[in-house]
J.: 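Following this message is one structure expressed as structure tokens.
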Amino acid sequence: MDTVTPKERSRIMAKVKGSGNKSTEQRLISLFKELGIKGWRRGYPLLGKPDFVFPKARLAVFVDGCFWHGCRDHCRLPSNNQDYWMSKIQRNVERDRLVSRKLAEKNWRVIRVWEHALKKGRHEKKLNEIKQAVDGISGDS
């Protein structure tokens with residue numbers, strides 16, 4: 001049972017600043033370098049704050065953590081306050097869909113990579129998709 005009110009919990013949680021999932025983002029950077037994928041930027045001012053943006057290719061790459069983005073296979077809710085967490089994660093999933101749709105409307109391509117795919121070596125398809133999108137713009141094939 002939570003010892004603070006929902007409003008107070010919200011205030012506390014709002015102060016927690018996310019800095020991304022450094023281990024998965026670092027893994028993706030290593031893979032980009034390994035495959036010669038260039039032209040990416042971090043911290044690029046774009047809707048939804050993508051983890052990586054390839055401005056010339058108009059490509060936004062998001063690394064979605066299994067917990068925060070509701071992975072069907074790996075998201076495990078805490079035993080306490082499950083209603084709160086289910087609602088929070090559902091809002092994240094809905095926001096992800098909205099951001100992807102809004103970026104697509106502005107002619108941005110969006111690729112989402114699951115955290116578990118990077119950790120378990122199941123990233124080849126997504127990396128090929130990124131490489132093709134970037135190479136298609138730069139003319140490097």
Side-chain angles (χ1 to χ4, degrees), residues 1-4 6-141:
M1 175 143 173
D2 207 348
T3 59
V4 296
K7 187 175 182 179
E8 180 65 10
R9 175 63 56 214
S10 180
R11 188 186 67 74
I12 291 168
M13 295 301 284
K15 288 184 176 184
V16 177
K17 299 298 177 199
S19 58
N21 187 331
K22 289 194 182 356
S23 65
T24 52
E25 289 175 17
Q26 289 301 322
R27 174 75 177 125
L28 198 49
I29 289 170
S30 295
L31 291 166
F32 286 164
K33 290 178 180 178
E34 199 176 294
L35 294 171
I37 297 173
K38 298 177 181 176
W40 50 270
R41 302 287 176 262
R42 294 180 76 188
Y44 193 86
L46 191 62
L47 177 69
K49 299 180 184 177
D51 297 295
F52 300 92
V53 174
F54 296 82
K56 289 181 182 175
R58 294 187 66 81
L59 172 65
V61 177
F62 293 86
V63 180
D64 289 342
C66 290
F67 176 76
W68 293 107
H69 297 271
C71 172
R72 290 181 183 161
D73 297 329
H74 301 102
C75 181
R76 300 291 177 260
L77 294 176
S79 56
N80 290 338
N81 211 1
Q82 284 199 341
D83 288 342
Y84 168 80
W85 287 111
M86 283 192 299
S87 175
K88 168 68 176 150
I89 291 168
Q90 184 57 40
R91 286 192 312 272
N92 290 349
V93 170
E94 289 168 6
R95 185 192 63 231
D96 292 345
R97 286 186 192 128
L98 176 67
V99 165
S100 293
R101 190 177 78 243
K102 292 288 186 186
L103 288 173
E105 288 171 1
K106 294 179 180 187
N107 296 316
W108 281 86
R109 183 170 180 185
V110 175
I111 295 177
R112 293 187 172 273
V113 181
W114 280 110
E115 170 189 25
H116 69 260
L118 288 173
K119 287 184 176 180
K120 295 182 179 187
R122 298 183 192 150
H123 53 267
E124 192 171 309
K125 183 178 176 184
K126 292 290 182 172
L127 266 276
N128 285 336
E129 199 177 334
I130 292 167
K131 186 164 179 52
Q132 287 176 355
V134 173
D135 287 351
I137 295 301
S138 67
D140 305 334
S141 332

J.: For a 4.5 angstrom cut-off between non-hydrogen side-chain atoms, does L59 reach V134?
T.: yes
J.: Which pairs count as salt bridge (charged side-chain N to carboxylate O under 4.0 Å, His left out) when at least one residue sits in residues 75-90, sequence neighbours excluded?
T.: none
J.: Give the ring-plane orientation class for W40 versus F32, where under 30° counts as parallel, over 60° as perpendicular and anything between as tilted.
T.: tilted
J.: Would you check if V61 and V110 make a side-chain contact, meaning some heavy-atom pair closer than 4.5 Å?
T.: no
J.: Go through the steps to decide whether E115 and H69 satisfy the test side chain to side chain contact (heavy atoms under 4.5 Å, CB included), and finish with yes or no.
T.: CA-CA 10 Å; E115 170 189 25; H69 297 271; over 6 Å; no
J.: Could you work out, with ring-ring contact (aromatic ring centres under 6.0 Å, His included) as the rule, every residue matching F67, not counting sequence neighbours?
T.: W85
J.: Is any side-chain heavy atom of C75 closer than 4.5 Å to a side-chain heavy atom of I89?
T.: yes
J.: Under a 4.5 Å cut-off applied to non-hydrogen side-chain atoms, are Y44 and P50 in contact?
T.: no
J.: Would you give the length of the straight line joining atom CZ of F52 to atom CD of E25, rounded to the nearest 0.5 angstrom?
T.: 5.5 Å
J.: Applying side-chain hydrogen bond (donor to acceptor under 3.5 Å, both in side chains), can you list everything that pairs with S30, at least two apart in sequence or on another chain?
T.: none
J.: How far does CZ of R27 sit from NE2 of H123, to the nearest 0.5 angstrom?
T.: 5.0 Å
J.: Spell out, as yes or no, whether a donor-acceptor pair under 3.5 Å connects the side chain of D64 to the backbone of W114.
T.: no
J.: The criterion is salt bridge (charged side-chain N to carboxylate O under 4.0 Å, His left out); which residues satisfy it with E94, sequence neighbours excluded?
T.: none
J.: Are M86 and R91 packed together at the side-chain level, in the sense that at least one heavy-atom pair is separated by less than 4.5 angstrom?
T.: no
J.: Do E105 and R101 meet the salt-bridge criterion of a basic N to acidic O distance under 4.0 Å?
T.: yes
J.: In Å and rounded to the nearest 0.5 Å, what is the CD1 to CD distance from I29 to Q26?
T.: 4.0 Å
J.: Taking the side chain from K131 and the backbone from L35, do they hold a donor-acceptor pair closer than 3.5 Å?
T.: yes
J.: Let me see the working for R95 and N92 under side chain to side chain contact (heavy atoms under 4.5 Å, CB included), right down to the final yes or no.
T.: CA-CA 5 Å; R95 185 192 63 231; N92 290 349; 3.2 Å; yes
J.: Quick one: side-chain hydrogen bond (donor to acceptor under 3.5 Å, both in side chains) partners of H116, sequence neighbours excluded?
T.: H74
J.: I need the minimum non-hydrogen distance between A57 and A133, along with the two atoms involved.
T.: CB-O, 3.8 Å
J.: What's the verdict on side chain to side chain contact (heavy atoms under 4.5 Å, CB included) for R112 and D96, showing C-alpha distance, side-chain angles and the deciding distance?
T.: CA-CA 10 Å; R112 293 187 172 273; D96 292 345; 3.7 Å; yes
J.: Side chain to side chain contact (heavy atoms under 4.5 Å, CB included) for I37 and I130? Distances and angles first, verdict last.
T.: CA-CA 8 Å; I37 297 173; I130 292 167; 4.2 Å; yes
J.: Side chain to side chain contact (heavy atoms under 4.5 Å, CB included) with F62: which of L103, I111, V113?
T.: L103
J.: Is there a salt bridge (Lys or Arg N to Asp or Glu O under 4.0 Å) between R109 and E129? Walk through the geometry before answering.
T.: CA-CA 11 Å; R109 183 170 180 185; E129 199 177 334; 3.3 Å; yes
J.: Could you pull out all residues at least two apart from R72 that satisfy salt bridge (charged side-chain N to carboxylate O under 4.0 Å, His left out)?
T.: none
J.: What's the separation between atom CG in D51 and atom CZ in R41, rounded to the nearest 0.5 Å?
T.: 15.5 Å
